[in-house]
**Q** 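To start, I am sharing the structure in question, which I have written as structure tokens.
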Amino acid sequence: MLHESRLQQSLRQLLASQRTAALAVQPQAGSSAPGYLPAPGLSLVPWAWSGEFSCLILHVSALASHTQAMELHPAVSLLMSRPESAGEAVHALERISIQGVASTPPRDSGLWQGAHASYLARFPEAEPMTALEDFRFVCITPQSGRHVAGFGAARDVDEHDLIAALNPAA
């Protein structure tokens with residue numbers, strides 16, 4: 001394996017340790033009442049990684065508002081963060097925000113099968129949910145990110161560094 005910077009190693013460890021992310025989606029059309037301002041949607045989602053297809057995998061219900069929003073507006077953001085620890089400054093929490101594009105592979109396609117395998121490798125207990133008709137896999141292709149490794153240690157991360165950090169260390 002090539003030498004990784006301290007920040008890249010830290011990002012790899014952060015991503016390997018987190019199983020959920022906050023998912024932000026574009027607002028859907030809403031009320032036409034005066035002063036109404038549609039807000040972005042935010043959900044907590046479990047995620048897996050497919051190294052084969054270089055995408056983050058979500059398993060979501062077609063009935064969920066975030067799923068419908070991703071179908072209308074595929075630009076999404078994910079946020080993963082270390083948990084708070086008593087006595088530590090919250091401003092120094094390590095975190096990564098990832099911007100990406102969401103797509104829904106057709107059921108039983110090669111991408112769907114890869115998403116299914118990757119998701120169940122991480123969440124084997126979800127196997128019964130994968131048979132439900134209203135659930136689908138969503139693949140998020142990472143495009144860029146912002147990594148905050150601690151107070152005063154922030155950097156932009158391109159898709160290549162994100163993919164390298166998401167793939168298991170060789």
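These numbers come from a predicted model, not from an experiment. The first residue in the sequence is number 1, and the count goes up from there.
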**Q** Where the side chain of S109 meets the backbone of P105, is there a donor-acceptor pair that is under 3.5 Å apart?
**A**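 No, S109 side chain to P105 backbone: no donor-acceptor pair under 3.5 Å.
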**Q** Roughly how far, to the nearest 0.5 Å, is CD of Q26 from OG of S77?
**A** 8.0 Å
**Q** Using every non-hydrogen atom in the two residues, find where D161 and Q8 come nearest and quote the distance to one decimal.
**A** O-NE2, 2.8 Å
**Q** Please determine whether residues L15 and F123 belong to a single hydrophobic cluster, defined as Ile, Leu, Val, Met, Phe, Trp and Tyr linked transitively by side-chain heavy-atom distances below 4.5 Å.
**A** no
**Q** So, for A62 and R136, which heavy atoms are closest and what is the spacing to 0.1 Å?
**A** CB-NH2, 3.0 Å
**Q** Tell me, which pairs form a salt bridge (Lys or Arg N to Asp or Glu O under 4.0 Å) where one or both residues lie in residues 83-107, sequence neighbours left out?
**A**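 Output for this query lists R82-E94.
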**Q** Q9 side chain to E4 main-chain N or O, any donor-acceptor pair under 3.5 Å?
**A** yes
**Q** Does the side chain of L93 come within less than 4.5 Å of V148's, by heavy atoms?
**A**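 No - every pair of side-chain heavy atoms lies 4.5 Å or more apart.
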**Q** Supply the atom-to-atom distance L79 CG to R146 CZ, rounded to the nearest 0.5 angstrom.
**A** 13.0 Å
**Q** Out of curiosity, does I140 fall in the hydrophobic cluster containing V25 (side-chain heavy atoms, cut-off under 4.5 Å, transitive links)?
**A** yes
**Q** Which heavy atom of A21 sits nearest to which heavy atom of M80, and what is that distance?
**A** CB-CG, 3.9 Å
**Q** Enumerate donor-acceptor pairs with a distance under 3.5 Å from any side-chain N or O in residues 39-59 to protein atoms, sequence neighbours excluded.
**A**
residue, atom, partner, partner atom, Å
S43, OG, H66, ND1, 2.9
W49, NE1, N167, OD1, 2.8
S50, OG, F53, N, 3.2

**Q** How far does CG of L78 sit from CD1 of I96, to the nearest 0.5 angstrom?
**A**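 Answer for the CG-CD1 pair, L78 versus I96, is 10.5 Å.
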**Q** Cluster question for you: counting only ILVMFWY and a side-chain heavy-atom cut-off of under 4.5 Å, with indirect links fine, are L166 and V138 together?
**A**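 Yes, same cluster.
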**Q** Is any side-chain heavy atom of P83 closer than 4.5 Å to one of Q18?
**A** yes
**Q** Within the structure provided, determine whether R155 and L11 are in side-chain contact (heavy-atom separation under 4.5 Å).
**A**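 A side-chain contact under 4.5 Å exists here.
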**Q** Please list all pairs meeting side-chain hydrogen bond (donor to acceptor under 3.5 Å, both in side chains) that have one or both residues in residues 110-127, counting only residues at least two apart or in different chains.
**A** H116-T130
**Q** Can you name the nearest heavy-atom pair linking P142 to E159, along with the distance?
**A**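 Shortest heavy-atom separation between P142 and E159 comes out as O-CB, 3.6 Å.
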**Q** Hey, quick one: are L23 and V60 part of the same hydrophobic cluster, counting side-chain heavy atoms closer than 4.5 Å, chains of contacts allowed?
**A** yes
**Q** Between D134 and S61, which heavy-atom pair has the shortest distance, and what is it?
**A** OD2-OG, 3.1 Å
**Q** Could you measure the distance from the OG atom of S144 to the CD1 atom of I98? Nearest 0.5 Å is fine.
**A**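 The OG atom of S144 sits 9.5 Å away from the CD1 atom of I98.
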